[in-house]
Participant: 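Sharing a structure, written as structure tokens. Questions coming.
Within every chain, numbering begins at 1; the chains are lettered A, B, ... in the order of the sequence lines, protein sequences first and strands thereafter.
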There are 2 protein chains.
Amino acid sequence: MCQPCYTPIMNKKMISEEEMQVWHMWKSSYKNIFGRVVKDMSEQTGLSEGDFGILDRLDLYGKGKLRQQEIADSMDWTKSRLSHHLTRMEKRGLVLREPLLTERGVEVIITSAGKSALDDARPVVSMAIREHFLDFLTEQDIESITNLAKKTKEKSSSACKSPPS
Amino acid sequence: MCQPCYTPIMNKKMISEEEMQVWHMWKSSYKNIFGRVVKDMSEQTGLSEGDFGILDRLDLYGKGKLRQQEIADSMDWTKSRLSHHLTRMEKRGLVLREPLLTERGVEVIITSAGKSALDDARPVVSMAIREHFLDFLTEQDIESITNLAKKTKEKSSSACKSPPS
DNA sequence: ATAACATGGTTGACACATCAACCACAAGGT
DNA sequence: ACCTTGTGGTTGATGTGTCAACCATGTTAT
């Protein structure tokens, strides 16, 4: 009469009520805060988080243009996700897509409408992050966030992503 | 020649590079950890986070059955979102819906398939949360999480949700 | 009794995300 | 030459979320 065994060797015991509470608190903090920031941005500028991330990268890293794959890599998005999203953004006039002539691939170009939406959004995002997030943090909290980020960073399958070269 | 003014009174200055880093670290920690937990659950049991939350409530709070509105309230979901989700779950045989006879409303009932999916999922979820989240936390981290949760809790528009009665 | 409102739920349209299948074009290896 | 393999990108199906409109049935006010 043994329980189904999901963990390889031993039965680690189930987590406690208090531990589950920590998990729930963490989740709901994130959802509250993140939701407020995104809501401010989308209500005041009409951009979603994805829109902003893409436009931001085009503007900062690419002076207005980047290849799709570069965007996808830097955002950690699949090419499929990006392709779908760009289709919608193109329809709204925020970006253009043009096939590269010299090599394979597609170049994404920010339009003037895209650029001005981005310029409008920057201060809004900035304020929202301060108001809904930074203002709540103590020095200790920042330390915790930094540590947790380090400890949980990718470490994708124990191999290195870019060749040692 | 003044900038567009998004904040009522004064110009709080834009946030710094380091502050933006904290924001990004926080976001990516969440997305990494949460993504891993959800991935474990969905790969090993076929349930999404929403599925699990609903089944869990049916089982614990309602001994197998609850009214839709009760579920929606306790999950902080809109009735629309829940209705759509239940339609999909019903199609998969995890729950049933039956109109209440005595009063208005619909009762959601967990099926045996739903119950066994839930029982299978509990230990998986438990282990995943431990492995991908709890194991990384120090006492200090837990304190930070608790504090942040308190500080950012709902406080819905400075009014009280339930009437003072 | 009737009008006004609140409650419980459904629906359709659309944005967003993932997955698998596909297409086109490069190399490289035989 | 031909066949594999990898890369860059698209597409369709489906699951997930949100919003606004809707419907039916209660409750309350006039």
Side-chain angles (χ1 to χ4, degrees), chain A residues 27 30-32 34-36 38-43 45-54 65-109 161-163, chain B residues 30-31 34-36 38-43 45-54 65-109 161-163:
Chain A
K27 269 200 306 180
Y30 179 86
K31 287 180 182 174
N32 282 333
F34 187 71
R36 288 167 195 156
V38 165
K39 187 156 175 274
D40 279 7
M41 171 162 56
S42 88
E43 279 177 358
T45 76
L47 296 182
S48 70
E49 204 214 357
D51 299 336
F52 183 80
I54 290 169
K65 43 182 66 178
L66 281 177
R67 297 189 50 187
Q68 278 193 209
Q69 197 57 53
E70 300 181 274
I71 302 177
D73 288 343
S74 84
M75 297 184 69
D76 205 22
W77 278 20
T78 62
K79 51 196 179 152
S80 167
R81 181 176 179 183
L82 182 63
S83 180
H84 283 302
H85 201 103
L86 287 176
T87 303
R88 292 188 298 263
M89 288 180 75
E90 212 173 357
K91 214 174 298 177
R92 291 192 289 148
L94 297 170
V95 295
L96 292 176
R97 274 195 276 202
E98 281 189 3
L100 287 175
L101 301 174
T102 63
E103 41 180 342
R104 261 189 329 152
V106 173
E107 195 158 54
V108 182
I109 306 167
K161 268 198 158 172
S162 41
Chain B
Y30 179 86
K31 287 180 181 172
F34 187 71
R36 287 168 197 156
V38 165
K39 188 156 175 273
D40 278 7
M41 170 162 57
S42 89
E43 281 177 356
T45 76
L47 297 182
S48 70
E49 204 215 355
D51 300 335
F52 184 80
I54 291 169
K65 42 182 69 179
L66 280 176
R67 297 188 50 185
Q68 274 190 213
Q69 198 57 55
E70 300 181 275
I71 302 178
D73 288 344
S74 84
M75 298 185 68
D76 207 22
W77 279 20
T78 62
K79 50 194 179 155
S80 167
R81 181 176 176 183
L82 183 63
S83 180
H84 283 303
H85 202 100
L86 287 176
T87 303
R88 293 187 299 261
M89 288 180 75
E90 214 173 358
K91 214 174 297 176
R92 292 192 288 147
L94 297 170
V95 296
L96 293 177
R97 272 193 279 202
E98 281 189 4
L100 286 175
L101 301 174
T102 64
E103 41 180 344
R104 251 178 349 141
V106 173
E107 194 159 54
V108 182
I109 306 167
K161 270 201 157 170
S162 40

Participant: Which nucleotide, dG9(C), dG15(D), dG9(D), lies nearest any side-chain atom of R88(B)?
Facilitator: dG15(D)
Participant: Taking only side-chain nitrogens and oxygens of Q68(B), does any of them come within less than 4.0 Å of OP1 or OP2 of dT7(C)?
Facilitator: no
Participant: Base of dT25(D), side chain of R104(B) - is there a donor-acceptor contact under 3.5 Å?
Facilitator: yes
Participant: Between atom NZ in K31(B) and atom P in dT18(C), what is the gap in whole Å?
Facilitator: 10 Å
Participant: Could you state the CZ-P distance from F34(A) to dT18(D), rounded to the nearest angstrom?
Facilitator: 12 Å
Participant: Among dG9(C), dC16(C), dG8(D), which nucleotide has an atom closest to any side-chain atom of V106(B)?
Facilitator: dG9(C)
Participant: Tell me whether H84(B) and dT18(D) count as stacked here, given that the ring centres must be under 5.5 Å apart and the planes must differ by less than 30 degrees.
Facilitator: no
Participant: If I take atom CD in residue E90(A) and atom P in nucleotide dT10(D), what distance separates them, rounded to the nearest angstrom?
Facilitator: 9 Å
Participant: How many Å lie between CG on L86(A) and P on dA17(C), as a whole number?
Facilitator: 12 Å
Participant: Roughly how many Å is it from NE2 in H85(B) to P in dC16(C), rounded to a whole number?
Facilitator: 21 Å
Participant: Under 4.0 angstrom, heavy atoms only, what part of the nucleic acid is R67(B) near: base, sugar-phosphate, or nothing?
Facilitator: sugar-phosphate
Participant: Just the rounded figure in Å: distance from P of dT10(D) to CD of Q69(A).
Facilitator: 11 Å
Participant: Looking only at N and O atoms, is any donor in the side chain of S80(A) or the base of dT11(D) less than 3.5 Å from an acceptor on the other one?
Facilitator: yes
Participant: Considering the options M75(A), Q69(A), Q68(A), which one meets the side chain to side chain contact (heavy atoms under 4.5 Å, CB included) requirement together with I71(A)?
Facilitator: M75(A)
Participant: Quick one: is dG9(D) close enough that its OP1 or OP2 comes under 4.0 Å of any side-chain N or O from S83(A)?
Facilitator: no
Participant: Just compare dT10(D), dA17(C), dT16(D) and give me whichever is closest to any side-chain atom of R81(A).
Facilitator: dA17(C)
Participant: Base, sugar-phosphate, or nothing for R92(B), non-hydrogen atoms under 4.0 angstrom?
Facilitator: nothing
Participant: Take K91(B) and K79(B), find for each the nucleotide of DNA chain D with the closest heavy atom, and name the residue whose nucleotide sits nearer the 5' end.
Facilitator: K91(B)
Participant: Can you tell me how far P of dT18(C) sits from CG of D76(A), to the nearest Å?
Facilitator: 10 Å
